[in-house]
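When a ligand or atom number is given, it counts from 1 through the structure's own listing order.
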Amino acid sequence: MFTFTSVLKNLFPPPLSLSSPPFSSPPLPSPPLSVLSFPLPHPLFICSSSTTPPPSVSGRPIQLPFSCSVSSCTLQPPSSDAGSTSPALGIRLGSRTEMVPVKLLVMGSQDTGKTALCVRFVTGRFIGDYDRKKEMTYKCHRVCNQESVHLEILDRTSKECPQASVESCIRWADGFLLLYSITQRVSFLEVEPIKKLIDHIKQSPAAPTVLIANKADLETGREVTTEEGQNLAKDLRCSFKELSVSETAVAVEAAVVQLTSLVMAQQRPLLPDRPSYMVTVRHALTRKLIRSKTMQW
Ligand SMILES: Nc1nc2c(ncn2[C@@H]2O[C@H](COP(=O)(O)OP(=O)(O)OP(=O)(O)O)[C@@H](O)[C@H]2O)c(=O)[nH]1
């Protein structure tokens, strides 16, 4: 079977060294999240809520299955990530010290491709199958609207998910990727209750959300039309993207970047950065007045 483990081994060949985690855990109710980071192709950090002790090896090959139990384990990123580039959008990554933190939650019913989407976004690759039972937080950097963003993307498994835990995740998140599969009508029908729950917890219908109709490559098995997806997104006040995680990394990147910029727009203070036209005119008139008075003296 083509597992994420085997891909990780190919992607990150030994030797790699370990160090203590440079990032704090997200404020989730579950045990403190541990951090696992990779240098390629983007600076990437995968967190698992697992509590098993980490492999305390330094400078030796590390074999970490995707569903592995690690804590406080960091595969060292490059010495500087300033100037590295996203392959999908060709964007330059900025300095880590000025990062804008953005937290995204991936939601949707079972087998809609939530994990595949996260992995595609952070690694650029589509992993067909993997054994994963725990929630994961992926951490990576992007530039969005000319600002460096530190992204945390939480992928909850839809199995055995207590309601209270879902609610605390919604509270934690700034923006939402809401997935359904065009081949599963039931997953489409579950979108509305999930969005209603988000609106209820966030106490606003305007929580930044992108509705993603996944598996567009499976046209023959289509059960939900594009128009139905567009109409639902309109009703729920979401942005809409129909895409195939398996076929394209660019569309996935575009969807996440779009959501990130929606979050950033909402977080930005309401006051304008520049003075209004009237203020500018008033300052200009005042300056002129002072100058003319000065000439009289
Ligand atoms: N053909 C096709 N298959 C996909 C696509 N995206 C995901 N899949 C497959 O759909 C299955 C489910 O994908 P996952 O990413 O595990 O779905 P999930 O929503 O995370 O699943 P749960 O965590 O169990 O809820 C896997 O076999 C993926 O390979 C896609 O765009 N096209």
Side-chain angles (χ1 to χ4, degrees), residues 1-8 10-11 28 30 33 44 46-50 65-68 88 104-138 140 152-163 165-167 169-170 173 175-195 197-198 209-226 229 238 240-256 258-259:
M1 190 175 60
F2 188 60
T3 63
F4 191 73
T5 313
S6 61
V7 172
L8 278 182
N10 290 333
L11 274 176
L28 288 177
S30 44
L33 298 181
L44 152 69
I46 300 178
C47 305
S48 158
S49 57
S50 155
F66 188 52
S67 57
C68 67
L104 307 180
L105 178 61
V106 188
M107 301 186 82
S109 52
Q110 203 170 331
D111 288 339
T112 49
K114 298 182 293 297
T115 306
L117 178 135
C118 293
V119 173
R120 180 62 121 168
F121 178 70
V122 292
T123 70
R125 288 164 177 81
F126 176 68
I127 312 296
D129 214 355
Y130 29 80
D131 175 27
R132 187 181 67 75
K133 295 178 183 67
K134 295 190 170 69
E135 68 183 33
M136 286 281 184
T137 300
Y138 303 83
C140 59
E152 285 184 62
I153 307 173
L154 177 58
D155 170 25
R156 289 203 58 101
T157 172
S158 45
K159 296 158 200 148
E160 298 165 19
C161 204
Q163 184 73 2
S165 168
V166 176
E167 289 176 9
C169 287
I170 292 173
F176 303 88
L177 287 160
L178 200 38
L179 266 76
Y180 70 89
S181 165
I182 64 152
T183 61
Q184 286 172 268
R185 185 145 202 101
V186 65
S187 70
F188 176 73
L189 298 175
E190 281 181 32
V191 165
E192 190 167 350
I194 296 172
K195 180 64 167 63
L197 181 65
I198 295 170
T209 306
V210 175
L211 179 62
I212 295 181
N214 188 27
K215 306 197 185 181
D217 56 301
L218 300 177
E219 195 54 52
T220 49
R222 184 186 276 274
E223 291 182 5
V224 185
T225 66
T226 307
C238 305
F240 177 74
K241 294 247 185 256
E242 187 169 285
L243 53 81
S244 164
V245 172
S246 71
E247 277 191 347
T248 166
V250 176
V252 171
E253 178 105 18
V256 181
Q258 182 184 7
L259 178 58

Open item on the list: Under 4.0 Å from a heavy atom of Asp217: which atoms of ligand 1 are those, numbered in the order shown and with their elements?
Closed with: 1 (N), 2 (C), 30 (C), 31 (O), 32 (N)
Task: N or O contact, Phe126 vs ligand 1, cut-off under 3.5 Å - done: no
Open item on the list: Any heavy-atom pair between the side chains of Leu211 and Tyr180 that's under 4.5 Å?
Closed with: yes
TODO: Spell out, as yes or no, whether a donor-acceptor pair under 3.5 Å connects the side chain of Arg120 to the backbone of Val252.
DONE: no
TODO: With the side chain counted from C-beta on, respond yes when Val210 and Lys241 share a heavy-atom pair under 4.5 Å apart, and no when they do not.
DONE: yes
Task: Ser181 and Asn214 side chains, donor-acceptor separation under 3.5 Å - done: no
Task: For Leu218, atoms of ligand 1 separated by under 4.0 Å from a heavy atom - done: 1 (N)
- [ ] Answer yes when Glu242 and Arg222 have at least one side-chain N-carboxylate O distance shorter than 4.0 Å, and no when they do not.
- [x] yes
Open item on the list: For Phe240, run the side-chain contact (heavy atoms from CB on, under 4.5 Å) check against Thr209, Ile212, Thr226 and tell me which one passes.
Closed with: Thr226
Task: Which segment of Asn214 sits under 4.0 Å of ligand 1 when only heavy atoms are counted - done: side chain
Open item on the list: Please work out, at 4.0 Å between heavy atoms, whether the side chain, the backbone, both, or neither of Thr115 comes within that distance of ligand 1.
Closed with: both
Open item on the list: I'd like to know whether ligand 1 has Gly108 as a neighbour, heavy-atom separation below 4.0 Å.
Closed with: no
Open item on the list: Below 4.0 Å, non-hydrogen atoms only: which portion of Leu179 touches ligand 1? Side chain, backbone, both or neither.
Closed with: neither
Task: N or O pair under 3.5 Å between Asp155 and ligand 1 - done: no
Open item on the list: Tell me whether Gln110 has any N or O atom under 3.5 angstrom from an N or O of ligand 1.
Closed with: no
Task: Note, Leu117 side chain near Thr115 side chain (heavy atom, < 4.5 Å) - done: no
Task: Within-cut-off N or O pair, Ala216 and ligand 1, under 3.5 Å - done: no
Open item on the list: Which residue is it: Thr112, Leu105, Ile194? I am looking for the one with a side-chain contact (heavy atoms from CB on, under 4.5 Å) to Leu178.
Closed with: Ile194
Open item on the list: If you measure every N or O of Val245 against every N or O of ligand 1, does any of those distances drop under 3.5 Å?
Closed with: yes
